[in-house]
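Read the structure below first, then the notes.
The basis for the numbers below is simple: all heavy atoms, side chains too, and nothing from hydrogens, waters or symmetry mates.
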Amino acid sequence: MDPSMMDNNDHPAQPTSPSSSEVEASLATLKPSAKAVIPSALWWLSMAIGITGVAMFVVLQRPELARMVEAYLPDGSLVGMLGVVWLVCLTPPMFQLLVLKTTSYHVTSQRLEYTRGILHRRRDQLELVRIRDLSASRTLVQRMLGIGTVIMETVDRSHPIFRIEAQPNVYALSDWLHQLNADERARLNYREFEGTQGV
C-alpha cells in the first residue's frame with residue numbers, strides 16, 4: 001500500500017497485513033483527491049468567462065444596448081450583475097470541493113467505515129468479508145488527473161454497490177482491498193454458496 005494514500009493525522013497506519021488474531025487493526029484513512037473538482041471547476045469557470053466576454057463585447061461595441069440592459073437591472077449596474085454571475089458559477093465547484101474534503105474512508109482489518117456530510121454527518125460501515133467483487137474504473141478525464149474509482153459489489157443490503165471515489169493509485173488500492181478481503185474471509189472461514197448472495 002502506498003503511504004501517500006494514507007492520512008496519518010487521523011489514524012496512524014499500522015502494518016498493512018492484518019494479523020490472524022481477533023484484534024481489529026486500523027490500517028489507513030483514505031480521502032478523495034481534490035483533483036476530482038477540476039473538470040467541474042473548468043466548466044463553470046468557462047461559463048463565467050464566456051458571459052463576461054459577451055457583456056464586455058456589448059459594452060464596447062453596442063453602448064446603446066448596454067444602457068438599455070442597465071436600465072432593467074435592479075441596481076442599474078452591469079458590474080453588479082457580472083459579480084452575481086461569477087458567484088453563481090463558482091458556488092457548485094466550491095460545494096463539490098467541500099463535500100470531498102468532508103468525506104473519508106477508514107479501513108481496518110475487518111471493515112470499511114465511510115463518513116460523509118457537511119452539516120449533517122453520516123457514518124456507515126461495510127464488513128470486508130461481505131465484498132464479493134472489486135474493480136477499478138478510470139475515465140479518460142480521471143486518467144489525465146491521475147485518479148480513479150474503486151467499485152465494490154457486495155452482499156450488504158445497504159450498499160450493494162459501493163464506490164471509493166477520486167483515489168490516486170487506484171489499481172494498487174484495489175489490489176490491497178482485495179487482499180484484505182481474502183485475508184478476512186480466510187480468518188472467518190467464510191464461504192459463499194451459489195444463490196445466497198443477497199441473503
Side-chain angles (χ1 to χ4, degrees), residues 1-37 96-143 145-199:
M1 178 74 178
D2 191 338
S4 67
M5 294 165 48
M6 302 180 192
D7 183 1
N8 293 326
N9 295 329
D10 292 340
H11 298 277
Q14 303 295 325
T16 55
S17 296
S19 65
S20 59
S21 68
E22 297 294 324
V23 178
E24 184 174 10
S26 176
L27 302 178
T29 296
L30 310 171
K31 299 233 178 194
S33 172
K35 292 178 182 178
V37 180
Q96 186 182 359
L97 180 63
L98 192 57
V99 169
L100 285 175
K101 288 299 181 184
T102 57
T103 299
S104 65
Y105 308 92
H106 179 57
V107 183
T108 74
S109 57
Q110 298 176 15
R111 74 190 81 235
L112 172 63
E113 296 172 351
Y114 167 69
T115 306
R116 182 178 181 176
I118 299 171
L119 298 177
H120 175 75
R121 301 283 287 168
R122 179 181 175 181
R123 184 177 181 186
D124 210 342
Q125 64 183 10
L126 172 67
E127 300 291 331
L128 292 177
V129 74
R130 298 181 70 82
I131 299 172
R132 290 186 59 220
D133 189 41
L134 281 136
S135 62
S137 171
R138 297 180 77 197
T139 65
L140 177 60
V141 173
Q142 286 178 327
R143 286 168 54 197
L145 297 174
I147 58 176
T149 302
V150 175
I151 303 169
M152 303 179 200
E153 183 183 339
T154 78
V155 293
D156 190 283
R157 293 190 182 194
S158 300
H159 310 95
I161 302 293
F162 189 85
R163 289 177 172 82
I164 302 180
E165 305 278 354
Q167 295 296 313
N169 307 315
V170 69
Y171 296 134
L173 175 60
S174 178
D175 292 343
W176 182 64
L177 290 171
H178 176 76
Q179 186 59 51
L180 290 177
N181 173 248
D183 291 346
E184 183 65 1
R185 284 178 174 235
R187 183 183 74 82
L188 296 175
N189 197 24
Y190 181 87
R191 296 289 180 269
E192 196 173 275
F193 299 98
E194 194 67 33
T196 63
Q197 289 86 355
V199 178

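- Using a 4.5 Å cut-off on side-chain heavy atoms (C-beta onward), Ile147 and Val170 make no contact.
- The neighbour count for Arg138 CZ, taken as heavy atoms of other residues, nucleotides or ligands under 6.0 Å away, is above 12.
- Evaluation of the side-chain hydrogen bond (donor to acceptor under 3.5 Å, both in side chains) rule for Asp175 yields no partner, not counting sequence neighbours.
- Listed by chain and number, the residues in a side-chain hydrogen bond (donor to acceptor under 3.5 Å, both in side chains) with Arg121 amount to none (sequence neighbours excluded).
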- Query: Taking it one step at a time, do Met152 and Asn181 satisfy side-chain contact (heavy atoms from CB on, under 4.5 Å)?
  - Reply: CA-CA 11 Å; Met152 303 179 200; Asn181 173 248; over 6 Å; no

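- Asp133 meets the side-chain hydrogen bond (donor to acceptor under 3.5 Å, both in side chains) test with no other residue; sequence neighbours excluded.
- Pairs of residues two or more places apart, or lying in two chains, never qualify as ring-ring contact (aromatic ring centres under 6.0 Å, His included) while including a residue from residues 115-136.
- Residue Leu134 comes nearest to Ser174 through the heavy atom pair CB-OG, 4.2 Å, listed as atom of the first residue, atom of the second, then distance.
- Under the salt bridge (Lys or Arg N to Asp or Glu O under 4.0 Å) criterion, Glu165 pairs with no residue, sequence neighbours left out.
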- Decide yes or no on side-chain contact (heavy atoms from CB on, under 4.5 Å) for Arg111 and Glu24, but give the supporting numbers first. CA-CA 9 Å; Arg111 74 190 81 235; Glu24 184 174 10; 2.7 Å; yes

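- Counting only distance, with no hydrogens or angles, the side chain of Arg185 and the backbone of Ile131 share a donor-acceptor pair below 3.5 Å.
- For Arg123, the side-chain hydrogen bond (donor to acceptor under 3.5 Å, both in side chains) partners at least two apart in sequence or on another chain are Glu113.
- Here the straight-line distance linking atom CG of Leu100 with atom OG1 of Thr103 works out to 6.0 Å at 0.5 Å rounding.
- Between His106 and Leu112 there is no side-chain heavy-atom pair separated by less than 4.5 Å.
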